[in-house]
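What follows is one structure encoded as structure tokens, with my remarks underneath.
Computed from a prediction, not measured in an experiment: that's the story for all the values here.
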Amino acid sequence: MTARPRLGVNVDHVATVRNARGTSYPDPVQAALLACEAGADGITAHLREDRRHIRDEDMRRLKEALPVPLNFEMAATDAMVEIAAAIRPHAVCLVPERREELTTEGGLNAAALGTMLGARVRALAAAGIRVSLFVEPEREQLHAAAALGVAAVELHTGRYCDLAETARHAELERLHAAAAEAAALGLECHAGHGLTCDNVGPIAAIPAVAELNIGHFLVGEAIFVGLAEAVRRMRAAMGRAQ
């Protein structure tokens with residue numbers, strides 16, 4: 001359990017803006033360093049198979065430049081495992097990935113993919129990388145993750161965020177139960193997807209949640225208030241929940 005969840009800032013969509021014009025700016029590494037100065041505890045970046053935002057060189061530069069841990073989100077493929085093993089980030093979070101999706105649409109089905117995932121988890125662990133799985137807040141998925149020997153799980157908060165505030169109670173209870181179950185299984189519990197300053201409080205207040213990973217909202221807010229201020233406001237929103 002933790003009294004102060006860590007904040008991991010995802011810089012993917014800084015790269016999305018850069019790639020829209022084929023320029024060298026805005027630079028996701030510069031954004032990551034600014035986020036760190038503003039209070040981020042870690043940086044997350046998703047190297048997608050289609051390289052729609054973050055690129056291989058971005059990952060290498062982030063690893064070299066960051067004063068905080070780098071969380072490398074990726075599909076569970078041999079090619080991605082090879083890249084991660086060469087870069088050696090602090091952590092890898094294995095996520096489901098479909099080329100036609102706009103963003104990650106749900107959790108990884110660890111219960112159904114155990115054999116395939118096991119080989120990738122072992123290869124990453126052998127490279128000294130801490131492994132987590134992005135999963136739905138379901139008991140079956142948590143037990144499958146524990147059986148694979150990963151260090152952590154990240155609970156998908158997308159459904160909670162998509163519901164009207166008056167309809168969130170049941171999903172919030174499900175997240176509470178899943179976080180407690182993860183802790184009981186010896187897994188560090190993270191959470192993320194769709195979180196904003198307006199909805200983060202109840203998630204940050206879950207006792208077993210040790211880390212929140214947030215990106216799209218922060219990059220969007222940066223248009224209006226700057227990235228550093230967006231990170232500071234998120235830190236304050238998380239702090240109020242404690």
Side-chain angles (χ1 to χ4, degrees), residues 5-20 26-56 58-63 65-75 80 84 87 89-97 101-108 130-135 152-158 160-161 189-197 199-200 203-204 209-223 225-235 237-238:
R6 301 186 298 271
L7 172 60
V9 173
N10 185 310
V11 295
D12 289 353
H13 295 301
V14 177
T16 299
V17 175
R18 175 196 64 191
N19 297 353
D27 180 10
V29 177
Q30 182 181 355
L33 293 172
L34 186 62
C36 293
E37 291 175 7
D41 300 296
I43 296 296
T44 292
H46 184 173
L47 184 66
R48 280 183 168 267
E49 292 182 278
D50 62 10
R51 308 305 197 266
R52 68 176 64 170
H53 37 59
I54 294 294
R55 299 169 179 163
D56 300 60
D58 296 328
M59 298 303 301
R60 287 188 284 269
R61 292 174 57 232
L62 285 166
K63 175 60 167 59
L66 288 178
V68 298
L70 172 61
N71 178 36
F72 185 154
E73 285 189 352
M74 65 181 221
M80 282 295 166
I87 294 173
H90 170 76
V92 156
C93 184
L94 297 177
V95 302
E97 188 174 309
E101 67 187 0
L102 290 176
T103 184
T104 304
E105 295 175 341
L108 195 65
R130 195 168 187 262
V131 183
S132 66
L133 302 182
F134 185 70
V135 298
V153 289
E154 180 169 337
L155 302 180
H156 179 219
T157 55
Y160 159 83
C161 295
C189 186
H190 308 165
H193 199 81
L195 295 171
T196 71
C197 282
N199 64 29
V200 74
I203 304 299
V209 170
E211 179 176 301
L212 300 178
N213 286 298
I214 304 171
H216 185 262
F217 171 78
L218 293 174
V219 174
E221 282 297 286
I223 296 171
V225 302
L227 182 59
E229 179 62 17
V231 171
R232 285 192 288 266
R233 290 183 183 186
M234 181 58 72
R235 277 249 61 108
M238 292 166 60

Q: Without swapping roles, check the side chain of Asn71 against the backbone of Ile43 for a donor-acceptor pair under 3.5 Å.
A: no
Q) Can a donor-acceptor pair be found between the side chains of Asn19 and Arg51 at a distance below 3.5 Å? A) no
Q. Looking at Pro28 and Leu62, what are the two nearest heavy atoms and their distance?
A. O-CD2, 4.3 Å
Q: Flag the pair Asp12 and Arg48 as a salt bridge only when some basic side-chain nitrogen lies within less than 4.0 angstrom of an acidic carboxylate oxygen.
A: no
Q.
Quick check: closest heavy atoms across His190 and Ala152, and the distance to 0.1 Å?
A. CE1-CB, 3.8 Å
Q) Are the side chain of Arg18 and the backbone of His53 linked by a donor-acceptor contact shorter than 3.5 Å? A) yes
Q | Side-chain heavy atoms of Ile214 within contact of Asn10, under 4.5 Å | A | no
Q: Would you please test Leu70 and Met59 for side chain to side chain contact (heavy atoms under 4.5 Å, CB included) and show each step?
A: CA-CA 9 Å; Leu70 172 61; Met59 298 303 301; 4.1 Å; yes
Q. Step by step, would you call Leu47 with Asp56 a side chain to side chain contact (heavy atoms under 4.5 Å, CB included)?
A. CA-CA 7 Å; Leu47 184 66; Asp56 300 60; 4.1 Å; yes
Q. Side chain of Glu97, backbone of Glu49: donor and acceptor closer than 3.5 Å?
A. yes
Q. Which atom pair, heavy atoms only, marks the closest approach of Pro96 to Gly106?
A. CG-O, 3.0 Å
**Q.** Closest contact, heavy atoms only, Ala222 versus Ala230
**A.** N-CB, 4.3 Å
(Q) Quick one, Val92 and Met74 - any side-chain contact, counting heavy atoms below 4.5 Å? (A) yes
Q. Can you tell if the side chain of Cys197 reaches within under 4.5 Å of the side chain of Arg233, non-hydrogen atoms only?
A. yes
Q. Is there a side-chain contact between Cys161 and Leu195, using heavy atoms and a 4.5 Å cut-off?
A. yes
Q.
Quick check against the 3.5 Å criterion: does Thr157 have a side-chain atom that pairs as donor or acceptor with the backbone of His193?
A. yes
(Q) Once rounded to the nearest 0.5 Å, what's the spacing between atom CG of Leu227 and atom CD of Glu37? (A) 10.5 Å
Q.
Are more than 12 heavy atoms, taken from residues, nucleotides or ligands other than Gln30, located less than 6.0 Å from that residue's CD atom?
A. no
Q: Return yes if some donor-acceptor pair links the side-chain N/O of Tyr160 with the main-chain N/O of Ile203 below 3.5 Å, else return no.
A: no
**Q.** Asp41/Arg235 salt bridge by N-O under 4.0 Å criterion
**A.** yes
Q.
I need the minimum non-hydrogen distance between Ala75 and Leu94, along with the two atoms involved.
A. O-CD2, 4.2 Å
Q | Verdict with supporting geometry, His90 and Phe72, side chain to side chain contact (heavy atoms under 4.5 Å, CB included) | A | CA-CA 8 Å; His90 170 76; Phe72 185 154; over 6 Å; no
Q | His156 side chain near Val135 side chain, heavy-atom distance below 4.5 Å | A | no
Q.
Nearest 0.5 angstrom please: Arg6 CZ to Glu211 CD, how far?
A. 4.5 Å
Q) When rounded to the nearest 0.5 angstrom, what is the spacing between CD in Glu154 and OG in Ser132? A) 6.5 Å
Q: Start with the C-alpha distance between Val209 and Leu212, add both sets of side-chain angles, then the distance that settles side chain to side chain contact (heavy atoms under 4.5 Å, CB included), and finish with yes or no.
A: CA-CA 8 Å; Val209 170; Leu212 300 178; 3.7 Å; yes
Q | OG1 on Thr16 to NE2 on His216, rounded to 0.5 Å | A | 8.0 Å
**Q.** Gap between atom CZ of Phe217 and atom OG1 of Thr196 - 0.5 Å precision
**A.** 5.0 Å
Q) Where is the tightest heavy-atom contact between Ala40 and Val68, given as atom of each residue plus distance? A) O-CG1, 4.0 Å
